[in-house]
2 protein chains.
Amino acid sequence: METGTPAPRRRMRADARRNYERLLTEAASAFAEHGADFSLEEIARRAGVANGTLYGHFPTRRALLEALLGDRMRALAATGEELLADPSPFDGLAAWARTAMAHTTVYRGLGAALMEAVEDETSELHTACKAVLAAGEELVARARAAGEVRTDVTAPDLYALVNAAAWAGEQSSAAQGERLLTFGLDGLRSSATTRPVAPRPAGGAGLA
Amino acid sequence: METGTPAPRRRMRADARRNYERLLTEAASAFAEHGADFSLEEIARRAGVANGTLYGHFPTRRALLEALLGDRMRALAATGEELLADPSPFDGLAAWARTAMAHTTVYRGLGAALMEAVEDETSELHTACKAVLAAGEELVARARAAGEVRTDVTAPDLYALVNAAAWAGEQSSAAQGERLLTFGLDGLRSSATTRPVAPRPAGGAGLA
DNA sequence: ACCTGAACACCGTTCAAGT
DNA sequence: ACCTGAACACCGTTCAAGT
């Protein structure tokens, strides 16, 4: 389902395309191993191109991240839509949050980039972040309407929670990050209902 | 109660002492304005000393942070001890967490430094972090014993929560950070008891 | 169209030489 | 005992010159 490195948007000269792909490949493994703040100069070196070539293809680090993660992030948003069909609004939301956190932990430092990008309209990652946020909003709205989370919970709350938990995971251990996510998700629950098991109206997951 | 810049540990030559204090003063305002990752070279420049002088007094950025924050952090730990007398174990814990978060937000990027230092025994900030962690542990233990938080909640959980909330506050808004802390704290509560109002045995806050 | 590599303005850290 | 400032090895980003 994954095509390895994503294709550039438009037709390119053969050598340009080769450089483009080499840069993405090296960036992917460098980011995976050393985090999203890894030296761009070193990435260019590893790809065997001049530093100027890297900037030609990716004017900023965020552009590089977008090329690497954009598709994945849109897939994450799509997963959110699917989870709207989960019989339990809260469980659907929680499952999605865990998936989102897994995506965020592919590169160390990614949570910070995603937090910044969602509020910065000039960021190349902004559109993808907004899509993720929108998916979260739908899940939150449904859980809110079902009385399974506090009435004041927002999509930015969920977004911040996921990224903060991912961040904490980077700083200490992945397990610690997951614990934080668990606590945070539990804290979103409506304090009125202890455990929103609810009557559940026999059928599916309506509520357009 | 605060003496401005903390005094150096031992007697120093007059010029050394002056440089030491100038460096601390400049570092404090630079960190406050631009975060704890601000250029050390620029701090030395602002203090009117050579960069080597800065490294002479503070071999690492963490040493500088320790000089600036050590006392404050020990005071935070002391506040934790005091809050052990709070009639409500959970409220005491929560109040302390909010105080801790306020301390963490004095410099942008401080949460990351504190998360790193608590696990790095070679860090000059390590002792201070451990003191804070120990205070948290006592508060957590009391709340746990009182059945007001889950039985599996640990001091590192609380520590990570505070720093992660502070981090989130830096990335978006202080309000968002506080919301996250609220959710997180609520998530620490024992899921068995909805609201642990408890009979409360008339008197104070025993439980040695 | 695209690539190159030097140029510029920064870093953190170390260390010989001074006083 | 302490300070200085150059030295070293890095960054990110830009841009003239090439092909």
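No experiment lies behind these values; they were computed from the predicted model shown. Heavy-atom basis, side chains included; hydrogens, waters and symmetry copies ignored. The sequence lines fix the lettering, A, B, ..., with proteins before strands; numbering per chain opens at 1.
If you measure from atom CG of Asn19(A) to atom P of dA1(C), you get 17 Å, rounded to the nearest angstrom. Rounding to whole angstrom units, CZ of residue Phe58(A) and P of dT13(D) are separated by 14 Å. Glu41(B) has its CD atom 14 Å from the P atom of dT4(D), to the nearest Å. dC2(C) atom P lies 15 Å from atom CG of Leu54(A), rounded to whole Å.
Closest to the side chain of Ala16(A), from the set dT14(C), dG12(D), dC3(C), is dC3(C).
Looking at every heavy atom in both residues, Asp157(A) comes nearest to Asp152(A) through OD2-O, 3.8 Å.
In this structure a side-chain-to-backbone donor-acceptor pair under 3.5 Å is present from Glu170(B) to Gly109(B).
If Arg13(B) and Arg61(B) are placed on DNA chain C by their nearest nucleotide, the residue sitting closer to the 5' end is Arg61(B).
OP1 and OP2 of dC2(C) both lie 4.0 Å or more from every side-chain N or O belonging to His57(A). Residue Ser39(B) has no polar side-chain atom (N or O) positioned under 4.0 Å from OP1 or OP2 of dC10(C).
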I would like to know whether Phe183(B) and Phe183(A) meet ring-ring contact (aromatic ring centres under 6.0 Å, His included); could you show each step before the answer? CA-CA 8 Å; Phe183(B) 295 139; Phe183(A) 295 139; over 10 Å; no

Would you sort out whether Leu125(B) and Met73(B) count as a side chain to side chain contact (heavy atoms under 4.5 Å, CB included), showing the intermediate values? CA-CA 10 Å; Leu125(B) 272 167; Met73(B) 290 175 70; 4.0 Å; yes

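Using a 4.0 Å cut-off between charged side-chain N and carboxylate O, Arg18(A) and Asp15(A) make no salt bridge. Salt-bridge annotation for Glu138(B) and Arg142(B): absent, with no side-chain N of the basic residue lying under 4.0 Å from a carboxylate O of the acidic one.
Here Arg45(A) lies in heavy-atom contact (under 4.0 Å) with sugar-phosphate atoms only.
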Write out a two-atom table: protein N or O, nucleotide N or O from nucleotides 5-7 of chain D, distance below 3.5 Å.
unit_1	atom_1	unit_2	atom_2	d
dG5(D)	N7	Asn51(B)	OD1	3.2
dA6(D)	N6	Asn51(B)	OD1	3.3
dA6(D)	N6	Asn51(B)	ND2	3.3

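Atom OG1 of residue Thr122(A) and atom CZ of residue Arg62(A) lie 5.5 Å apart, to the nearest 0.5 angstrom.
Of all nucleotides present, only dT13(D) satisfies the Watson-Crick or G-U wobble test against dA7(C), with each distance under 3.5 Å. The partner of dC2(D), taking Watson-Crick or G-U wobble pairs whose two distances both stay under 3.5 Å, is dG18(C).
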